[in-house]
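Working notes, structure below.
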Amino acid sequence: MFLLGKGVSFPMKRILVCFKITDDFDELLPQDWLNLGTKAPDVSYVRRILGCFDEAALENTLYLRDLWQAQGEEVQLTALTLNPGYSDHIVKNLPALHFNRVVCLSCERDLRFLPEHTAELLAQFIRQDGPYDLVITGRQAPPANSGLVPFYLAEALRLHCLDNLRSAKPDRQGVTVLQETDAGVVERSARLPLLLSFGNAERSYLRIPTLRDKMATRSYQPEHVVLSCTSSASMVLLDLHRDTSERKCVFVTGETVEEKARAFYDTYLKEVLG
Amino acid sequence: MNTVILSLPGNRTAVASLYTAAQKLQSKRIELWELDGDSIAEAYLSALLQQHQQCHPDVILFPAGHLGNALASRLGSRLGLPVLTDVCSISDGQAGKAAYSANLTAYFALPHVFLASISTSAFDPTTISLPQPSCRIFSEKTDWTTLLRVLPTSSDRSELALANRIVVCGRGIGTRNNAAMFGALATQIGGILGGTRPVAIDEWVPSDRLIGISGTCVKPDVCLIFGASGAQAFAAGVVESVFLAGINNDNTAPLFRFCDVGVVEDCVAFAEALLKLFEQERSSHD
């Protein structure tokens, strides 16, 4: 029943990792969050970053690649992102980290709160470009922070899915993962093909390419693919609201750290601790 | 509106919160389906689809979390129904959830038929007597994945969510070794230690003590935050605390926007000074 790879013996492991380039919303000025209605805030002056879970997905993809290669297996890595988030700095680092391909999908539609369409666009590309042994994603990314895309993608591709992962490593069957569940952390083994979605992973930060690798891949151009999406939203966004109720912070004063600690202890801590 | 609450075994508090959410939807009939078995969402999907075909509820509410979110999204996808996750408010045909890394709340119009996972900490548990489950959904055997072992946990996650006093470490505490001193301070105030995402990811504190939207949202009576910048994704996890104090050596840190009391100081030196005061206090009582 599976569209990807069932019963097929691959000459090499093919892994595709989906990632999102987002804006560093912590850099946005408080006033730029106000009165947005359903519009996106002005992010023209903030830097672009990888979503934290997607960064973990990229790093863990490289880690799996390293382990498979150490066992003598060939691995082909494709990194896939979907506009509007784009950053030359981030995208150009990926070939230097030995991703074989970097593909940037674009769609004219505002996909901010349309996880089903985001998943469908990713699935369109993966179906055309597959089969893949592993499709890897991060758990969720702003602005919607819905966490729906990995599951919708698994459904669209009819792949088994292990989500909220801390780590993954190859085993004889496919992969062994550490998965954070509601009841605690479990270790599971699963066979390929598979969709893996990383959460608060042990390897959360993407490694930095060497200058030599950066120089060697500086002429690499990512592939750009335009896709269309016409269906309507299933959940209609009405408003984006900023809670402006901030507390009035009272600062503790003192000449030395001991004086401040004493003032804090006597004036506040004793009282709240009762 | 007929609403189904999907519950995980043994978590009556979450069910009581989901019941409150169902009441806010003006549900005429509220039914409880209880899951029993594996933590893999796929293992329940066939049984849930069958049950749905028999009952055709308008709304199914899941507890937000690992299994609840996975089930809501996968079942919604198979039924072709809209899904909203991590809902933190419901009123007047709208539902709100955190968006833009918790910098905004996004409000959506609720259709007549939908699935949603509910942040149970955002809804006070109902005080009425809860109904017995009308059906039990058992997980099917999965042949593509094998559970190898359950890892021992350093703490019960609910312990953090329910704690009345919490000390939170951010990256500003400097090193992993310093975390022990903040643990001692937490013990001193009769509370427990938590950490921001970078600190928990690097295991300076146990990873199940992560506070923020990607970990646990807490609402203690007393929350002391040391060396955190105050990123919004963290702030959303502590902002419901009754008393919030922040210690950071940068007086422009966003942390101070949501604290009642601020101390601009090296957080390690300040914690050491506080521990000495507790020690002096104890000596004087002895």
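For clarity, every value in this text was computed on a predicted model and none was experimentally measured. Here is the naming used below: chain letters follow the sequence lines, and residue numbers restart at 1 for every chain.
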Under a 4.5 Å cut-off applied to non-hydrogen side-chain atoms, are [X] and [Y] in contact?
{"X": "L148(A)", "Y": "L84(B)", "result": "no"}
{"X": "Q173(A)", "Y": "W144(B)", "result": "no"}
{"X": "L28(A)", "Y": "N103(B)", "result": "no"}
{"X": "H66(B)", "Y": "E180(A)", "result": "no"}
{"X": "D26(A)", "Y": "F234(B)", "result": "no"}

The interface call for P30(A) against chain B, heavy-atom contacts under 4.5 Å, is side chain
Bottom line for L269(A): the part with an atom under 4.5 Å from chain B's heavy atoms is side chain
Test item: N145(A) side-chain N/O and A98(B) main-chain N/O as donor-acceptor pair under 3.5 Å:
no
In terms of heavy-atom contacts, L159(A) and R74(B) come closest through O-NH2, 3.3 Å
How far apart are the closest heavy atoms of E240(B) and R247(A), and which atoms are they?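 Distance-wise, the nearest heavy atoms are C-NH2, 4.4 Å.
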Whether Y268(A) and F243(B) hold their rings parallel, tilted or perpendicular, with breakpoints at 30° and 60°: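 Plane angle under 30°, so parallel.
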Are a donor atom and an acceptor atom from the side chains of R166(A) and S207(B) found within less than 3.5 Å of each other?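 Checked: R166(A)/S207(B) side chains pair up, N/O donor to acceptor below 3.5 Å.
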- prompt: Is the shortest side-chain N to carboxylate O distance from R188(A) to D38(B) below 4.0 Å?
  reply: yes
(Q) Quick check on K97(B) against chain A: is it the side chain, the backbone, both or neither that has a heavy atom closer than 4.5 Å? (A)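 Interface part for K97(B): side chain.
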